[in-house]
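Naming convention: chains lettered A, B, ... in sequence-line order (proteins, then strands); numbering from 1 in each chain. This is a predicted model, so every value here is computed, not measured.
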Number of protein chains: 2
Amino acid sequence: MTIRVIIVDDQAMVRAGFAALLAAQADIDVVGEAVNGVEGVEVGRRTHPDVVLMDVRMPEMDGLEAARQLLNPPPGVTHRPKVLMLTTFDVDDYVYEALRAGASGFLLKDAPPADLISAVRVVAAGDALLAPSVTRRLIADFATQQRKPRRGDPSLQLNGLTPRETEVLELIARGLSNGEIAEKLVLAEQTVKTHIGRVLHKLDLRDRAQAVVFAYESGLVTPGDG
Amino acid sequence: MTIRVIIVDDQAMVRAGFAALLAAQADIDVVGEAVNGVEGVEVGRRTHPDVVLMDVRMPEMDGLEAARQLLNPPPGVTHRPKVLMLTTFDVDDYVYEALRAGASGFLLKDAPPADLISAVRVVAAGDALLAPSVTRRLIADFATQQRKPRRGDPSLQLNGLTPRETEVLELIARGLSNGEIAEKLVLAEQTVKTHIGRVLHKLDLRDRAQAVVFAYESGLVTPGDG
DNA sequence: CAGTACATCACCCATGCGGGCCATCGTAGG
DNA sequence: CCTACGATGGCCCGCATGGGTGATGTACTG
């Protein structure tokens, strides 16, 4: 089963180079080419390729919009190719847009030919592949932004809390009053107050509002997990 | 300038194989080996390698904890190697922990030898590299997770607030007291109370703690934007 | 067995906070 | 011109909240 590929790029030389490179592979067929996004979408719909090599910067319609249209087809169109984005420049901001659109990869045009070929095979197989510099940024963003389970500052202090105190803190962070917490945990309200007092003291917080802030910032609770 | 590498894996054959493979490269030196996380951290601190090849599953201390310790060194230790995680099994849940810990890459042990070698060079250069299946998952998570900055329910109600009220709500969500808010906005504390009263009423909230919850849940404030 | 950590509850006290009610002032809109 | 609305501010009141202190029982650990 050969991999059907189309190449969408406004530069004739780039198209020719990639086409020659890929066509030389026994398992890859170049079944179409296009010079801009509009044409790329049209060719994609008509030739239903497995993989679309898509340049980011193009006249008429850029690669991002074209990728979006190919990856979110209108009702009636069932074919969804894999999209491998290409760019001449290093990591511009389009990367994230492309990934959100559903692109399977992002390569720089100066990558070794062998990388391009293997990238086509990888995305055709349903996996994904990014240029190393892109991967690095993605991981960095992921690590900083994904602050849910583990975080440096607050979660360390969280370890100073007893299980019961942590439990109470979580209920505070849900917006419950002392009475409601007492009811929920089957406790006297005074006991709840004692626990809260300890929590505030241990975490150096002034009031329950700050406790809520801390709970969110530390990842004890997360927006949406209500 | 050669790349200094240490290999941390509990299986002797794996260590031997990788060591032979890497040592054959002119630009790579294998300067140490370790059989578990504890030893890995120790060897890492002593030999200050550029790259640490770290197995995920190991006795004593697993690769994740070891990676965390190497990547978040205690005060006084300035050396921070790049960590390239290795696993035999396909994408387990440890991937995300490893990335959060700051790992520069994640490869499967059945990857082609050429990939391993190039991966070492990539991470040594400061870039990152993931196994295609890992990349795929990361992109998928990134795409789905990225589109929730603002959510339906709460943010709609937010429109009912006046600019001033919204401003006050945000300060509540930072943990400020009425007095502090008054000072920050150059207002009488009583005015702050009036604004807060309206906010609570409009949003059907009981107290400022619930207001903080609402601010986070609606996306008005976000964990980490301090 | 002694010591420690945790959970539980009580009493007292000061006050920050939220509710109710109302007044003034500016500006935008009919 | 006059109305509506937002922003600003004041007063009073009641209560939930937070601080301080102490006591009891249990469970684990040295």
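Taking atom CG on B/Leu203 and atom P on C/dG19, their separation rounds to 12 Å, with Å as the unit. Protein atom NZ of A/Lys202 is 17 Å distant from nucleotide atom C1' of D/dG18, rounded to whole Å. With rounding to whole Å, B/Arg164 atom CZ is found 16 Å from C/dT27 atom P. Between the P atom of D/dG6 and the CD atom of B/Glu167 lies a distance of 16 Å, rounded to the nearest Å. Taking atom CG of residue A/Asp204 and atom P of nucleotide D/dG18, one finds them 15 Å apart after rounding to whole Å. Regarding A/Ile196, its CD1 atom lies at a distance of 16 Å from the P atom of D/dG20, rounded to whole Å. In this structure, B/Leu185 places its CG atom 18 Å from P of D/dG6, rounding to the nearest Å. In this structure, B/Glu189 places its CD atom 7 Å from P of C/dC17, rounding to the nearest Å.
Between D/dC5 and B/Thr162, no contact under 4.0 Å exists linking OP1 or OP2 to a side-chain N or O. For D/dT8, one of the phosphate oxygens OP1 or OP2 lies less than 4.0 angstrom from a side-chain nitrogen or oxygen of B/His195. The side chain of A/Asn178 contributes no N or O atom lying less than 4.0 Å from OP1 or OP2 of D/dA16. Residue B/Thr191 places no side-chain N or O under 4.0 Å from the OP1 or OP2 atom of D/dT8. The side chain of A/Arg206 places no N or O atom within less than 4.0 Å of a non-bridging phosphate oxygen (OP1 or OP2) of D/dG18.
In this structure, B/Thr194 reaches the bases: a heavy-atom distance under 4.0 Å links it to at least one base atom across the strands shown.
Here the nucleotide nearest the side chain of B/Gln190, chosen from D/dG10, D/dC12, D/dT17, is D/dG10. Looking at the side chain of B/Ala188, the nearest of the listed nucleotides D/dG18, D/dG9, C/dG19 is D/dG9. Comparing atom distances between the B/Leu187 side chain and each of C/dC17, D/dT8, C/dT8 picks out D/dT8 as nearest. Side-chain proximity of A/Asp207 to the nucleotides D/dA7, C/dG18, C/dC17 is greatest for C/dC17.
A 6.0 Å sphere centred on CD of A/Glu183 holds no more than 12 heavy atoms belonging to other residues, nucleotides or ligands. Within 6.0 Å of CZ on B/Arg15 lie more than 12 heavy atoms contributed by other residues, nucleotides or ligands.
Each of A/Gly179 and B/Glu165 lies near DNA chain D, and the nucleotide nearest B/Glu165 is the one positioned closer to the 5' end. Along DNA chain D, the nucleotide nearest to B/Lys193 and the one nearest to B/Val186 differ in position, and the one closer to the 5' end is contacted by B/Val186.
The side chain to side chain contact (heavy atoms under 4.5 Å, CB included) test with B/Leu53 is passed by exactly one of B/Val123, B/Val120, B/Ile6: B/Val120.
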Are B/Phe18 and B/Glu33 close enough, and set up right, to give a side chain to side chain contact (heavy atoms under 4.5 Å, CB included), and what steps lead you there?
CA-CA 11 Å; B/Phe18 286 167; B/Glu33 295 186 12; over 6 Å; no
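The CD atom of A/Gln210 sits 12.5 Å away from atom CD1 of B/Ile172, with the distance rounded to the nearest 0.5 Å.
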